[in-house]
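Okay, so here's the structure we're looking at.
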Amino acid sequence: MSKSKKSFRPKARVPRGLRDQSGAQLQAERWMLDTIAGVYARYGFELLDTPAFEYADALGKFLPDQDRPNEGVFSFQDDDEQWLSMRYDLTAPLARYVAENYDSLPKPFRRYQWGPVWRNEKPGPGRFRQFIQIDADSVGAPGMAADAEMIAMMADCMDALGIARGDYVVRINNRKILDGILETDAEISPTDPASEEKWLTAMRALDKHDRFGWEGVEKLLGEGRKDESGDYTKGAGLSRENIDNVRTSLSAAFTVSGAPSSPSAQPSGQLSKYVPGDIDKLVDRLGRSTIGLQGLSELEEIAACLAALGIGSDQVVFDPYVVRGLGYYTGPVFEVELTFEAENEQGEMARFGSVGSGGRYDGLVEMFKGVEVPATGCSFGVSRLMAALEALGKTQTDEGQSPVVVLVMDKERIADYLVMVKELRDSGICAEMYMGGSGMRAQMKYADKRRAPLVVIEGEDERAVAQVTLKDLILGEQLSNEISDNEEWRSGAQAQVSVPRAGLVEGVRNMLIRIDGRQG
RNA sequence: GCCGCCUUAGCUCAGUUGGUUAGAGCGCUGGAUUGUGGAUUCAGAGGUCCCCCGUUCAAGCCGGGGAGGCGGUACCA
């Protein structure tokens with residue numbers, strides 16, 4: 001305070017990319033987690049929790065090194081100098097858990113899990129360095145039914161959250177189909193050392209279709225692309241002919257061309273349900289690629305399962321541009337996208353995009369066990385879903401959490417006020433006595449800020465006639481909005497009633513019911 | 001990581017060719033209006049002009065460096 005003392009005072013600020021969350025927001029988030037967890041549990045998954053950090057080598061790829069221990073992940077050294085890292089997702093810890101407890105677990109092991117994860121990367125709007133994920137995975141499940149279940153479950157979650165059909169879509173793909181297309185149309189393959197780099201770049205290019213459109217993808221498949229800020233991204237260097245071939249194959253998935261194919265020509269009657277384009281043509285294009293055809297046949301299996309699970313084409317659609325993480329997913333991949341637009345904080349119309357994703361990763365547990373353990377899973381990003389639900393007005397908050405405030409009109413009578421709050425609490429009503437030191441006006445302001453539905457007033461006047469005054473703050477606010485022209489606000493008696501002191505609980509309950517009824 | 005823009009009160013922002021005590025609105029705190037939040041009115045608190053170095057008699061303003069924020073882009077489990 002005084003300059004002579006020069007006391008050090010830390011600046012009160014939350015670290016960048018992190019945030020505080022308060023009451024209503026947390027309640028909405030809890031409701032969302034409960035809703036999704038409820039769906040997962042109904043599908044038969046069991047709950048698991050693992051620690052916030054792991055030995056760094058157990059988290060796989062992003063190993064810290066001495067120079068940059070916090071690149072991507074947050075890391076620190078234990079007393080024995082072993083590196084520990086904060087988990088950056090829930091899948092790597094699951095793989096560690098399964099490997100560590102392999103013999104005692106039921107196979108397949110089907111678990112769900114939610115909790116915060118940390119990533120040390122540049123924060124953006126709706127992107128934080130700590131955020132919550134909620135995942136479900138089947139480990140040791142080789143069949144496509146397990147993948148189909150994930151897809152169906154994600155769609156079910158969106159329904160359960162109250163997001164209308166058409167406002168979301170689960171886009172599904174199989175990475176083997178893309179491998180097939182790149183193999184036949186561009187002669188590149190991930191297993192061929194000569195073209196591995198091209199394959200990576202090409203896959204990344206396709207992944208950007210939703211942001212840049214085909215025009216941008218084409219540049220990235222070819223020479224490269226310059227962005228708005230003038231930054232240049234080097235492309236995969238495919239030839240004009242190769243790029244055109246890739247486009248022809250991809251477009252078969254979206255558009256029906258030539259003569260309509262006979263239904264009997266399709267091996268599965270269900271795949272066409274989820275593919276907006278021409279399956280025969282796609283088969284034709286992939287003809288020379290065994291991996292491509294395998295991908296397609298896996299997709300057929302998934303489609304059959306989805307149909308059996310009652311999933312409609314208004315929920316799930318095939319989209320060959322879904323790529324997801326490279327070097328991680330091995331087959332089917334999918335993501336949930338919100339398709340509606342909503343006004344953001346700046347008043348601009350914005351899309352929310354992908355709020356969840358998943359896919360098959362048959363190589364992850366192998367990292368620990370040395371044997372391949374097929375696995376598939378899905379994950380929702382809770383923060384982005386929250387933002388979207390808020391925009392839709394679909395968040396559920398429990399308004400009953402705001403307390404009834406008992407005013408302290410007479411500091412000599414605090415025991416009396418404590419008796420009142422106890423009576424209210426004993427009958428299940430959230431209530432508190434004002435614990436500050438200020439006068440009545442400040443107490444009203446306090447109650448207002450707490451969004452208290454009503455206040456209880458017992459001053460000299462009330463006590464003289466063994467009554468209490470109950471003031472409906474919500475009705476009072478409405479009245480003041482409508483009639484605030486003159487200075488009749490001072491009459492103050494609006495929106496309040498007197499009840500006998502002995503009928504406090506009943507009076508409060510009745511007023512709460514009236515408030516609840518008004519708010520529908 | 002790379003590119004561009006930005007940084008003055010809690011918030012949104014003024015601030016002249018460099019010139020004395022840096023302002024407004026909203027918000028906040030307190031008072032008035034019999035014992036009442038939202039009306040009216042009066043008053044008050046609140047600033048390292050992002051930080052450091054430099055130029056100058058003099059820097060919120062000019063120069064250099066750094067940090068932080070925003071928007072792209074790259075990487076991404």
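Note on naming: letters A, B, ... go to the chains in the order of the sequence lines (proteins, then strands), and numbering restarts at 1 for each one. This structure is a prediction, so every number in the text was calculated from the model and none was measured.
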In whole Å, I'd like the distance from the [atom1] atom of [X] to the [atom2] atom of [N].
X: A:Arg211; N: B:G72; atom1: CZ; atom2: C1'; value: 10 Å
X: A:Lys208; N: B:G72; atom1: NZ; atom2: C1'; value: 14 Å
X: A:Asp461; N: B:U36; atom1: CG; atom2: C1'; value: 13 Å
X: A:Asp448; N: B:U29; atom1: CG; atom2: P; value: 11 Å
X: A:Ile457; N: B:G37; atom1: CD1; atom2: C1'; value: 11 Å
X: A:Tyr446; N: B:U29; atom1: OH; atom2: P; value: 13 Å
X: A:Lys449; N: B:G37; atom1: NZ; atom2: P; value: 14 Å
X: A:Lys226; N: B:U73; atom1: NZ; atom2: P; value: 15 Å

Spacing of [X] atom [atom1] and [Y] atom [atom2] [to the nearest 0.5 Å]:
X: A:Leu94; Y: A:Arg111; atom1: CG; atom2: CZ; value: 4.0 Å
X: A:Leu178; Y: A:Asn173; atom1: CG; atom2: CG; value: 4.5 Å
X: A:Leu182; Y: A:Ser189; atom1: CG; atom2: OG; value: 9.0 Å

Distances under 3.5 Å between nitrogen or oxygen atoms of protein and nucleotides 67-69 of chain B:
from  : atom 1 : to      : atom 2 : distance (Å)
B:G69 : OP2    : A:Arg16 : NH1    : 3.1

Option among A:Leu454, A:Ile515, A:Leu479 that satisfies the side-chain contact (heavy atoms from CB on, under 4.5 Å) test with A:Ile474: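 Running side-chain contact (heavy atoms from CB on, under 4.5 Å) over A:Leu454, A:Ile515, A:Leu479 with A:Ile474 returns exactly one hit, A:Ile515.
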
Quick one: label [X] by what it contacts on the DNA or RNA (base, sugar-phosphate, nothing), any heavy atom closer than 4.0 Å.
X: A:Arg204; result: sugar-phosphate
X: A:Phe212; result: sugar-phosphate
X: A:Glu121; result: base
X: A:Lys234; result: nothing
X: A:Glu462; result: base

A:Trp199 atom CH2, neighbour heavy-atom count above 12 within 6.0 Å: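 More than 12 within 6.0 Å, yes.
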
More than 12 heavy atoms from other groups under 6.0 Å of CD on A:Glu223: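 Not more than 12 within 6.0 Å, no.
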
Out of B:G35, B:G30, B:A32, whichever nucleotide has its closest atom nearest the side chain of A:Arg441: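 Among B:G35, B:G30, B:A32, the one nearest the side chain of A:Arg441 is B:A32.
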
Closest to side chain of A:Lys471, choosing from B:G37, B:U73, B:G35: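 Between B:G37, B:U73, B:G35, the one nearest the side chain of A:Lys471 would be B:G37.
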
Distance between the [atom1] atoms of [N] and [M], in whole angstroms?
N: B:G25; M: B:A9; atom1: C1'; value: 12 Å
N: B:C13; M: B:G46; atom1: P; value: 25 Å
N: B:C26; M: B:G44; atom1: P; value: 16 Å

Between A:Arg450 and A:Tyr446, a side-chain donor and acceptor under 3.5 Å: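 The criterion, which ignores hydrogens and geometry beyond distance, is satisfied for A:Tyr446 and A:Arg450.
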
No-hydrogen, no-angle side-chain donor-acceptor test under 3.5 Å, A:Thr233 and A:Arg204: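 A:Arg204 and A:Thr233 do not have a side-chain donor-acceptor pair below 3.5 Å.
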
Test: A:Arg360 and A:Asp362 ion pair at under 4.0 Å: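 Salt bridge present between A:Arg360 and A:Asp362.
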
Residue met sooner reading RNA chain B from 5', once A:Lys122 and A:Ser438 are mapped to nucleotides: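 Closer to the 5' end of RNA chain B: A:Ser438.
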
Residue pair A:Asp472, A:Gln496: steps toward the side chain to side chain contact (heavy atoms under 4.5 Å, CB included) verdict: CA-CA 6 Å; A:Asp472 182 336; A:Gln496 62 189 47; over 6 Å; no

Watson-Crick or G-U pairs under 3.5 Å in RNA chain B, rendered as dot-bracket with [ ] for crossing pairs and | for another strand: (((((((..((((.....[...)))).(((((.......))))).....(((((..]....))))))))))))....

